Amino acid sequence: MSACVPARTTDANHTERTHPPHSPPPSGPRRPRIASADVSAAVAVFLIALPLSLGIALATGAPLQAGLVAAAVGGLVAGQIGGSPLQVSGPAAGLTVVTADLIQQYGWRTTCAITVLAGLAQLGLGCLRVARGALAVSPAIVHGMLAGIGVTIAVAQLHIVLGGTPQSSVPDNLRALPSQLADVHPAALFVSLLTLTLLLLWPRLPGRAGLLLHKIPAALVAVAGATAIAAAAGLVLPKVDLPSWRNHALAGLPEGPVLGLVAAVLTTTLVCSVQSLLGAVAVDKLASARPGGARVARSDLDRELLGQGAANIVSGSLGGLPVAGVAVRSSANVHAGAVSRNSTMLHGVLVVAAALLMVPLLEFIPLASLAALVMAVGIQMVSLHHIRTVTRHREVLVYAVTTLGVVSFGVLEGVALGIAVAVGVALHRLTRTRITHELEEGVHHVHVRGQLTFLAVPRLSRALHLVPQGSHAVVALDGSFMDHAAYETLQDWQSTHTAQGGTVEITGRRSGVRIAEPSALASAHLTGVDAGADGASEAHCRCRPWTAWRNHQCERPSLLPDGDRRPDPADATDGGSGADGANGEGGADGALGTAASRTAAHRTGAGGKDAAAGAGGADPTRAPEPDRDGAGAGSAGSQLVRGIGTFQRYTAPLVRGELARLAREGQRPAQLFLTCADSRLVTSMITSSGPGDLFVVRNVGNLVPPPGAESGDDSVAAAIEYAVEVLAVRSITVCGHSGCGAMQALLDSGPGSGAGTPLRRWLRHGQPSLERLGAGSAVPPRLTGRTPADAVEQLCLTNVVQQLEHLRAHDCVARALKDGALELHGLYFHVGEAQTYLLTERDEETVFDRVRAVDLAM
């Protein structure tokens with residue numbers, strides 16, 4: 001037992017004190033506290049949810065009270081059990097078409113039973129922990145499904161807007177539209193147009209008054225304004241009719257064909273689950289992007305699925321609509337400043353109160369106003385941003401087929417068509433391989449673009465047989481995959497061609513695709529290394545962990561006449577430094593530069609391809625070659641020339657178009673990145689940036705001299721002023737790193753040391769960091785999950801915080817911060833861990849949080 005925890009006595013006569021001896025007894029159990037931000041957010045979400053819940057119930061043909069039941073259950077049950085604290089659940093527009101079809105086909109009581117069964121299915125999926133698997137659905141299919149549902153909603157509600165009654169499907173609604181236009185109900189059309197006008201103009205009110213009025217949701221203003229004007233004008237219109245709760249229909253036993261019911265349950269489960277999980281991921285992104293404020297835990301998707309399942313079981317049992325995460329209400333909850341799940345639950349309480357106490361007021365709302373509101377929501381579901389995104393990723397066909405399938409046949413059929421087309425597109429991309437043969441200056445070039453599978457072997461063989469015997473051939477593999485059949489075809493042809501006196505050079509755009517030549521195989525045999533069937537285990541490959549970019553080539557070691565391997569300088573420099581210097585502490589900085597140039601080119605997307613931009617830079621781990629002057633290539637000058645030559649050969653053709661555009665348009669970077677001059681710190685690599693992205697300032701110790709500092713250096717201040725005033729950067733980042741020599745020099749010299757040399761004079765700007773560390777007046781900055789390793793790392797962290805304070809003292813930075821046009825960020829890069837930490841404020845502490853890998857699937 002810990003010495004800090006006293007053992008409990010077992011004496012029956014001992015009376016345990018429940019409070020300190022000289023203090024009054026406690027008044028009772030502490031009441032749970034709800035943050036004021038949660039209260040205001042709950043009110044804002046409630047004001048949005050109330051009209052939308054009624055409108056969605058109207059659009060589905062369900063009892064209007066079912067929308068209020070689903071909204072209340074989504075707030076209370078899903079809000080309490082779900083894994084996304086800030087996501088608001090309720091009746092969603094994405095479920096409107098599904099629910100409407102179920103009600104028309106099976107009736108309301110069976111639809112409620114289907115909702116219960118879908119909730120049970122969600123509970124089962126949550127227990128199986130397969131929530132992440134739902135995110136594997138192509139975003140083009142999801143967006144296409146939502147767009148199809150949006151079109152269906154808009155077309156159906158248009159009939160109510162015009163004063164008529166919608167049909168059961170989109171084709172029927174379109175066929176009935178001409179006759180409906182010929183018989184327009186003027187009062188319904190007036191109220192609908194008034195609702196749409198208020199909905200459109202309310203967020204655009206100008207001036208200071210507009211900023212205050214924007215806090216009232218536009219949906220509430222539109223419905224309330226249209227209702228008030230309709231009542232004042234005495235318009236006769238169909239209005240909301242909420243029957244007594246005593247007559248509210250609950251779930252019954254499902255009735256209908258078994259296969260049809262199973263399909264209905266699967267459809268409801270699929271739409272509810274995918275929409276909720278994607279919404280939870282989107283809410284995490286919105287919450288993390290909020291400036292300042294309390295930090296909210298990331299969503300637990302499996303728990304979110306359990307919460308949605310429980311909410312659907314309760315909602316269906318009580319006669320409510322199916323429940324799912326709702327984007328409109330969730331984004332409003334985040335933007336309103338909610339900090340916990342209390343806001344979601346409190347919004348559910350408010351919905352219950354409104355359903356019990358506000359029935360007379362709700363019955364004044366015209367149905368045409370609710371229809372106009374839901375029609376606007378449906379139109380917004382066809383997002384131009386999503387269309388541009390899927391077009392950019394060449395998935396517009398999947399999007400279009402899914403949308404048309406949902407509109408023409410239904411949600412499940414449309415999603416099935418979208419999945420089939422997505423699989424077809426993926427197979428087409430896998431099998432789409434372009435193979436060309438060209439003769440240039442007596443050299444036969446065979447260029448393979450795309451994935452090299454057995455399906456492309458016949459075309460590859462035809463191209464290879466165009467190369468005459470005894471000639472020199474270059475085979476360029478521009479793809480990321482090659483199967484065993486293609487490998488054997490290339491290897492057999494290479495062996496035959498070289499045996500007939502020809503020469504073959506096979507180059508690849510990534511490591512592991514170079515075909516081993518007979519000499520390399522012999523070298524592997526001599527050295528005891530097995531050259532694997534995929535060519536990836538070539539003898540003494542000089543690969544490094546950072547060289548797995550597309551233009552990297554494994555270069556076999558040259559052989560001496562007696563068969564021994566030529567000495568490799570990399571072998572001498574790597575010894576004892578770990579796995580090929582992978583820790584970065586003693587590795588070859590030139591290779592890191594190579595990785596940076598490749599990463600930068602990949603970031604720019606040069607040439608319209610998804611390929612990275614070449615093998616840009618010298619690889620100091622390759623064996624030296626004699627230059628034209630007969631000197632060894634180990635000199636710095638020849639390494640520089642060789643690196644530039646490699647860039648001109650491989651990278652320049654790929655990035656020339658992108659750089660030409662930047663040359664025409666000028667630089668427009670979004671960030672000023674101020675970091676140390678340490679050669680192990682490659683800014684483009686750790687930020688995945690490229691030409692035109694970063695305005696970089698590097699100096700010893702990543703120091704920012706404060707304005708008017710003694711012996712100040714205006715170069716840093718000039719760069720800051722130019723970046724903020726001329727380039728209008730939106731953020732400035734100060735990045736420190738582990739093992740900083742400048743911080744070590746500051747610790748060794750101590751405070752108040754002399755400034756005799758230029759280096760010492762420059763390091764005087766780091767003295768405030770040293771004094772801040774030694775003052776002990778505040779809690780020193782720390783890393784997430786651990787304390788700093790030593791005094792140097794603690795000073796590195798403190799220095800980042802101190803230099804950010806120096807930044808704020810510059811006039812141009814202070815003005816931009818005041819206007820909200822600039823953000824400051826602190827960064828710490830641990831070289832040995834290859835891990836980045838981002839500065840955050842938490843509980844009056846300065847913490848550097850670990851930056852985790854981005855989920856690219858979303």
Side-chain angles (χ1 to χ4, degrees), residues 70 73-95 98 114-146 149 262-288 296-316 321-327 329-331 333-334 340-341 344-345 386 402 411-412 415-416 418-419 422-423 852-858:
V73 171
L76 293 172
V77 179
Q80 173 65 30
I81 303 176
S84 180
L86 301 187
Q87 176 162 250
V88 182
S89 300
L95 295 164
V98 177
I114 291 173
T115 302
V116 174
L117 295 175
L120 292 173
Q122 287 180 298
L123 285 181
L125 294 176
C127 293
L128 293 176
R129 307 186 67 83
V130 296
R132 286 283 174 187
L135 300 181
V137 180
S138 170
I141 297 175
V142 177
H143 298 324
M145 178 190 72
L146 295 178
I149 292 173
V262 170
V265 171
L266 292 178
T267 303
T268 306
T269 303
L270 172 67
V271 177
C272 290
S273 301
V274 172
Q275 183 168 343
S276 300
L277 295 176
L278 293 177
V281 174
V283 167
D284 284 345
K285 294 179 181 179
L286 286 176
S288 62
V296 181
R298 290 178 60 87
S299 298
D300 182 343
L301 297 184
D302 292 305
R303 179 180 172 183
E304 179 64 18
L305 205 54
L306 293 173
Q308 296 295 332
N312 275 312
I313 292 174
V314 176
S315 180
L321 291 171
V323 172
V326 186
R329 284 168 243 183
S330 300
S331 59
N333 193 37
V334 174
S340 71
R341 62 180 70 245
T344 302
M345 299 175 62
H386 292 158
T402 306
V411 175
L412 186 60
V415 170
I419 292 175
V423 172
R852 304 192 182 276
V854 176
D855 187 2
L856 296 179
M858 291 306 300

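This chain uses plain numbering: 1 for the first residue, then up along the sequence. Remember, it's a predicted structure, so these values are computed and weren't measured experimentally.
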Apply side chain to side chain contact (heavy atoms under 4.5 Å, CB included) to [X] and list each qualifying residue two or more places apart in sequence or on a separate chain.
{"X": "V73", "answer": "V69, V77, A311, V314, S315, L318"}
{"X": "I313", "answer": "V116, L120, L123, S317"}
{"X": "T268", "answer": "V98, L102, I114, A118, C272, P322"}

Residue pair V326 / V88, side-chain heavy-atom distance below 4.5 Å: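 Side chain of V326 against side chain of V88, heavy atoms only: no contact under 4.5 Å found.
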On a heavy-atom basis, which atom in [X] and which in [Y] lie closest, and how many Å separate them?
{"X": "V265", "Y": "L117", "value": "CG2-CB, 3.8 Å"}
{"X": "S299", "Y": "D284", "value": "OG-OD1, 2.9 Å"}
{"X": "L95", "Y": "A324", "value": "CD1-CB, 3.8 Å"}
{"X": "A131", "Y": "L277", "value": "O-CD1, 3.3 Å"}
{"X": "V271", "Y": "M145", "value": "CG2-SD, 4.2 Å"}
{"X": "L301", "Y": "A280", "value": "CD2-CB, 3.9 Å"}

Separation between OG of S331 and CD of Q87, rounded to the nearest 0.5 Å: 10.5 Å
Check: N312 side chain, V323 main-chain N or O, donor-acceptor pair, under 3.5 Å: yes
Heavy-atom donor-acceptor pair, R303 side chain to I81 backbone, under 3.5 Å: yes
Worked check of side chain to side chain contact (heavy atoms under 4.5 Å, CB included) between S330 and L86: CA-CA 7 Å; S330 300; L86 301 187; over 6 Å; no
Working for side chain to side chain contact (heavy atoms under 4.5 Å, CB included), residues S273 and L305: CA-CA 7 Å; S273 301; L305 205 54; 3.6 Å; yes
Full working for side chain to side chain contact (heavy atoms under 4.5 Å, CB included) between S276 and Q308: CA-CA 8 Å; S276 300; Q308 296 295 332; 3.5 Å; yes
Side chain to side chain contact (heavy atoms under 4.5 Å, CB included) evaluation trace for V274 with I141: CA-CA 11 Å; V274 172; I141 297 175; over 6 Å; no
